[in-house]
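Order of the sequence lines sets the chain letters (A, B, ...), proteins ahead of strands, with each chain counted from 1. Side chains included, hydrogens not; waters and symmetry mates left out as well; all remaining heavy atoms used.
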Number of protein chains: 2
Amino acid sequence: MPEFFHDKRLYYTPIEFALSHLGGTWKMPILWRLQEKAQRFNELKKDIPHITDKMLTSQLRELESKGLINREIFPVIPPKVEYSLTKKGMKAIPIIETIMKYGYDLIQDAGIEFPPKKA
Amino acid sequence: MPEFFHDKRLYYTPIEFALSHLGGTWKMPILWRLQEKAQRFNELKKDIPHITDKMLTSQLRELESKGLINREIFPVIPPKVEYSLTKKGMKAIPIIETIMKYGYDLIQDAGIEFPPKKA
DNA sequence: ATTTAGACTATCCAAAAGGTAAGTATAGAA
DNA sequence: TTCTATACTTACCTTTTGGATAGTCTAAAT
């Protein structure tokens, strides 16, 4: 039985475990944007097309709970909160880059026109 | 609008597109096992713990429709069908390897004991 | 006559993921 | 006094994903 339990969930493979950290529509685009510098909630929101408040909040919370990002609260009004990569989060960047490049290759292969942007 | 339509679906990023090819619980474990040689349905089934007939069938169909694997039918009874990687499928292998290694790293990080097996 | 093999298909269901829309708190600006 | 900014929360749905279970087809073996 090469499977294992962690945080109330059963995983069958390391791949599944990796995807629990990076998978879904939003986690990688968020992490990617934090690689340069810390960002505020609304900066991320403006920079990531289509994401809703709810999704952004929930994904940030998941990334934080898995230790990939830091959340720093500035006690001012209106509120200010900054998100940044942890060391663990930085380790994800090359993986994301690999997947992104693969995605671009697939897009090329499929003959789709797509602007080479940031994620 | 850096997003695009393809095959009746809307994608926002290359990452999403890549995950539509490799994402989910089963696609990468399946592809990984085809890298050495073609495999039959029941060989894959025995080699991939926990996968059900339905999941194996549906994932093989998806991989085939995206051009990552070939399906060869031998007209005998009982039926014999072999699955193998296409050139496009082979391009996915290094990506899967990267993700798998990352998964192992995360497992180490989390202090989980896990046997270094095949996917 | 029944069982077996191999590769499925068909239903039905439960859980997870993700989207819509509205509401909250606070202080300063208009 | 109403409005604005910021970072959320809550409730409610719909869609997608995945799991359980049973059934199908054919010919040969028992």
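Atom pair A:Ile51:CD1 and C:dG18:C1' shows a separation of 11 Å (rounding to whole Å applied). Atom-to-atom, CZ of B:Arg9 to P of D:dT17 comes out at 7 Å; the value is rounded to the nearest Å. When rounded to the nearest whole Å, the span between NZ of B:Lys8 and C1' of D:dT15 equals 17 Å. Between A:Phe41 atom CZ and C:dA25 atom P there is a gap of 18 Å when expressed in whole angstrom units. Taking atom CG of B:Leu56 as the reference point, atom P of C:dA7 lies 10 Å away to the nearest angstrom. For A:Ile30 and D:dA7, the CD1 to P distance is 14 Å, given to the nearest whole Å. Taking atom CD on A:Glu62 and atom C1' on C:dG18, their separation rounds to 12 Å, with Å as the unit. In this structure, the CG atom of B:Asp53 is 12 Å from the C1' atom of D:dG19, given to the nearest Å.
Salt-bridge formation is not detected for the pair A:Glu43/A:Lys37: no Lys NZ or Arg NE/NH1/NH2 atom is positioned less than 4.0 Å from an Asp or Glu carboxylate oxygen.
Phosphate proximity of D:dT6 to A:Arg40: absent, as no side-chain N or O sits under 4.0 Å from OP1 or OP2. Of the side-chain N and O atoms in B:Arg61, one or more sit less than 4.0 angstrom from OP1 or OP2 of C:dC8. Residue A:Asn42 places at least one side-chain N or O under 4.0 Å from the OP1 or OP2 atom of D:dA7.
Using the six-membered ring where Trp is involved, A:Tyr11 and A:His6 have ring planes that are tilted, between 30° and 60° apart. Ring geometry, B:Tyr102 versus A:His21: the interplanar angle exceeds 60°, so the pair is classed perpendicular (tilted spans 30 to 60°).
Using a 4.5 Å heavy-atom threshold, the side chains of B:Gln35 and B:Glu97 count as separate.
Proximity of residues 70-83 of chain B to DNA chain D (heavy atom under 4.0 angstrom from any strand atom) is restricted to B:Ile77.
Which of C:dG18, D:dG19, C:dC8 sits closest to the side chain of A:Thr25 comes down to C:dG18. In the set C:dT11, D:dA7, C:dC8, C:dT11 carries the atom at the smallest distance from any side-chain atom of B:Lys54.
At a threshold of 4.0 angstrom between heavy atoms, the contacts of B:Thr57 include nucleobase atoms, whether or not backbone atoms are also involved.
Under the rule for a side chain to side chain contact (heavy atoms under 4.5 Å, CB included), the partners of B:Lys54 that lie at least two apart in sequence or sit in another chain are B:Thr52.
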Throw together a table of side-chain donor-acceptor distances under 3.5 angstrom for residues 70-77 of chain A, partners on residues two or more places apart or in other chains.
from: A:Arg71; atom 1: NE; to: A:Tyr83; atom 2: OH; distance (Å): 3.2

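Between B:Leu60 and A:His50, the one whose closest nucleotide on DNA chain C sits nearer the 5' end is B:Leu60.
Checked against the 6.0 Å centroid threshold, B:Phe17 and A:Phe114 do not count as a close aromatic pair.
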